[in-house]
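Note that ligands are numbered from 1 as they come in the structure, with each ligand's atoms numbered from 1 the same way.
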Amino acid sequence: MVPFTKCKSSYIRVAFTFGIFFLLMSLQNTVIDVFLETRGGMCACDKCVTDLNDSDWFFKRFNSTVSVLLNRRNSVLQASVYRWWTGLQRDSGKANYTDVVDTLFSLFPNEEHYSDAGPDRCRTCAVVGNSGNLLGSHYGPLIDLHDFVIRINKGPTEGYEKDVGSKTTHRILYPESAVDVDSSAQLVLLPLKIKDLLWLISVFTTKHITHTYTKVRPTVNVTRDKVMIIHPEFIKYVYESWLQKHGKYPSTGFITLIYALHICDQVDVYGFGAKSDGSWHHYFDKSLSHFNKSNHPGDFEYKTINELLFLNKITKHK
Ligand SMILES: *[C@@H]1O[C@H](CO)[C@@H](O)[C@H](O)[C@H]1NC(C)=O
Ligand SMILES: *[C@@H]1O[C@H](CO)[C@@H](O)[C@H](O)[C@H]1NC(C)=O
Ligand SMILES: *[C@@H]1O[C@H](CO)[C@@H](O)[C@H](O)[C@H]1NC(C)=O
Ligand SMILES: *[C@@H]1O[C@H](CO)[C@@H](O)[C@H](O)[C@H]1NC(C)=O
Ligand SMILES: CC(=O)N[C@H]1CO[C@H](CO)[C@@H](O)[C@@H]1O
């Protein structure tokens with residue numbers, strides 16, 4: 001009898017130990033679940049754009065439900081968006097927006113892009129501005145390591161590979177700043193008027209649009225399935241939410257940066273910034289620009305970028 005009792009009590013001990021073990025395991029899962037939930041936006045990088053932080057400055061501005069890219073389903077514009085967007089630039093002979101969108105998505109991919117954020121994704125992005133401070137930086141190889149390399153307007157790679165890299169996955173441009181796009185890259189149109197959408201259609205069909213408020217290229221070397229269009233609502237959102245309505249509308253560089261915050265998990269910024277007096281030149285030409293010399297609220301954009309740096313939402317290399 002004695003050995004049997006001993007044996008029984010050791011069974012109980014083992015069962016008890018396993019009981020505690022499984023209890024702890026399930027508690028741990030609950031703790032992890034709660035942790036994940038409170039962290040909200042999650043990704044597989046060390047640091048994610050949508051990680052929560054003590055500061056609510058970021059989440060007062062960042063709205064993940066705003067449409068980033070235009071497609072047929074989200075193309076209807078609220079009256080306030082339409083009014084604001086069509087007031088940005090002089091537009092000759094306003095076409096019917098609804099009809100234009102109809103034609104657009106009979107030509108270009110009508111897809112939901114980049115709605116794949118989640119705990120298993122770590123998408124790293126380099127946003128490459130055109131500032132002269134890139135010259136001599138030797139950032140090229142570092143820039144090329146990113147999943148996405150997003151370039152702005154005319155910013156070339158040829159001849160500047162050492163400092164700006166050679167890879168391009170996205171090029172943001174508008175008709176007046178258009179250049180040929182690498183065969184691997186997406187052309188992301190930033191439309192500032194209905195005519196810009198008509199220009200895009202023209203590039204792939206009749207090639208008859210050669211003039212907006214200035215001369216524009218009738219053709220761009222890019223294939224149809226590589227075309228994306230920034231949503232007008234997104235531009236208004238950047239202006240209102242991120243720039244607090246400073247200036248007339250945001251610069252291409254600033255819109256590109258916020259675009260990256262929305263489609264990437266980690267954002268590294270290169271070639272942004274001016275000298276202390278606000279002047280800057282492109283890395284590829286010598287003409288001098290100034291923050292104040294445009295429709296864009298350069299100094300407010302600069303302050304906002306600095307706040308994003310301070311919060312570790314972006315990393316800047318200069
Ligand atoms: C975020 O954007 C959506 C879509 O435009 C809008 O309905 C919503 O009110 C916005 N949220 C905030 C907090 O601004
Ligand atoms: C644009 O055309 C559609 C039909 O395609 C029509 O229903 C709509 O009223 C037109 N909008 C304007 C502002 O003329
Ligand atoms: C245009 O695109 C084709 C195909 O991608 C490429 O072979 C050609 O070199 C490009 N031309 C220019 C001027 O970029
Ligand atoms: C640029 O504009 C800001 C205010 O918007 C002003 O404080 C600054 O002095 C201006 N800089 C120059 C060089 O004009
Ligand atoms: C983890 C993290 O990024 N923490 C940052 C949160 O924001 C403060 C500023 O408000 C930064 O100092 C922290 O580094």
Side-chain angles (χ1 to χ4, degrees), residues 37-43 48-108 110-118 172 188-202 205-206 209 212 228-247 249-250 254-265 267 297 300-301 304 307-308 311 313:
E37 239 156 65
T38 48
R39 269 188 86 193
M42 265 274 303
C43 76
C48 310
V49 165
T50 48
D51 279 347
L52 291 183
N53 196 314
D54 300 339
S55 153
D56 61 358
W57 182 92
F58 181 79
F59 286 97
K60 270 202 188 122
R61 287 160 179 80
F62 185 84
N63 183 345
S64 61
T65 59
V66 170
S67 298
V68 178
L69 294 163
L70 194 65
N71 58 46
R72 203 188 279 279
R73 190 187 52 79
N74 70 16
S75 66
V76 176
L77 302 182
Q78 284 168 25
S80 59
V81 175
Y82 180 84
R83 218 177 310 117
W84 180 81
W85 178 65
T86 52
L88 294 183
Q89 286 187 353
R90 195 152 46 84
D91 200 350
S92 48
K94 276 191 185 133
N96 181 316
Y97 171 81
T98 314
D99 295 343
V100 174
V101 165
D102 239 30
T103 313
L104 270 182
F105 295 109
S106 65
L107 285 172
F108 305 113
N110 173 36
E111 285 165 26
E112 308 263 333
H113 294 279
Y114 309 130
S115 47
D116 56 345
I172 315 267
V188 185
L189 179 77
L190 174 64
L192 297 168
K193 51 188 170 311
I194 294 179
K195 182 112 187 222
D196 295 355
L197 301 175
L198 289 172
W199 170 81
L200 192 61
I201 293 170
S202 163
T205 55
T206 54
I209 297 186
T212 57
M228 297 174 168
I229 303 155
I230 302 261
H231 202 294
E233 178 187 301
F234 188 76
I235 306 168
K236 185 162 182 275
Y237 149 74
V238 173
Y239 176 66
E240 291 181 346
S241 200
W242 289 94
L243 291 185
Q244 316 276 301
K245 304 191 182 182
H246 282 78
Y249 54 90
F254 192 77
I255 291 172
T256 305
L257 178 59
I258 305 300
Y259 173 68
L261 288 178
H262 278 255
I263 68 167
C264 308
D265 296 312
V267 177
F300 198 82
E301 293 186 352
T304 309
E307 186 65 26
L308 286 168
L311 296 174
K313 292 298 181 186

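Ligand 1 places these atoms under 4.0 Å from at least one heavy atom of V66: 2 (O). Below 4.0 Å from some heavy atom of T65 lie the following atoms of ligand 1, by number and element: 1 (C), 2 (O), 3 (C). Near E233, meaning under 4.0 Å from any of its heavy atoms, are these atoms of ligand 1: 4 (C), 5 (O).
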**OP:** Take Q89 and K195 through the test side chain to side chain contact (heavy atoms under 4.5 Å, CB included) and record every step on the way to the result.
**Re:** CA-CA 10 Å; Q89 286 187 353; K195 182 112 187 222; over 6 Å; no

Subject >> Check against side chain to side chain contact (heavy atoms under 4.5 Å, CB included), M228 and F108 >> reply: CA-CA 8 Å; M228 297 174 168; F108 305 113; over 6 Å; no

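Of all the heavy atoms of D99, the ones lying under 4.0 Å from any atom of ligand 2 belong exclusively to the side chain.
What sits closest to atom 12 (C) of ligand 1 on the protein, heavy atoms only, is N63 ND2, 3.4 Å. If you check which protein heavy atom lies closest to atom 14 (O) of ligand 2, you get N96 ND2, 3.5 Å.
The distance criterion of under 3.5 Å between nitrogen or oxygen atoms is not met by T98 with respect to ligand 2.
To the nearest 0.5 angstrom, L261 atom CG is 5.5 Å from F58 atom CZ. With rounding to the nearest 0.5 angstrom, the CG atom of L190 is 4.5 Å from the CD1 atom of I255. For the atom pair R61 CZ and Y237 OH, the distance stands at 10.5 Å (nearest 0.5 Å).
Checked for salt-bridge contact, K313 and D51 miss the test: no charged N lies under 4.0 Å from a carboxylate O.
Shown here, atom 7 (O) of ligand 1 is out of close reach of the protein: none of its heavy atoms lies under 4.0 Å off. When distances from atom 2 (O) of ligand 2 to the protein are checked, a heavy atom turns up under 4.0 Å.
Between Y114 and Y259, the ring-plane angle classifies as perpendicular under the 30° and 60° cut-offs.
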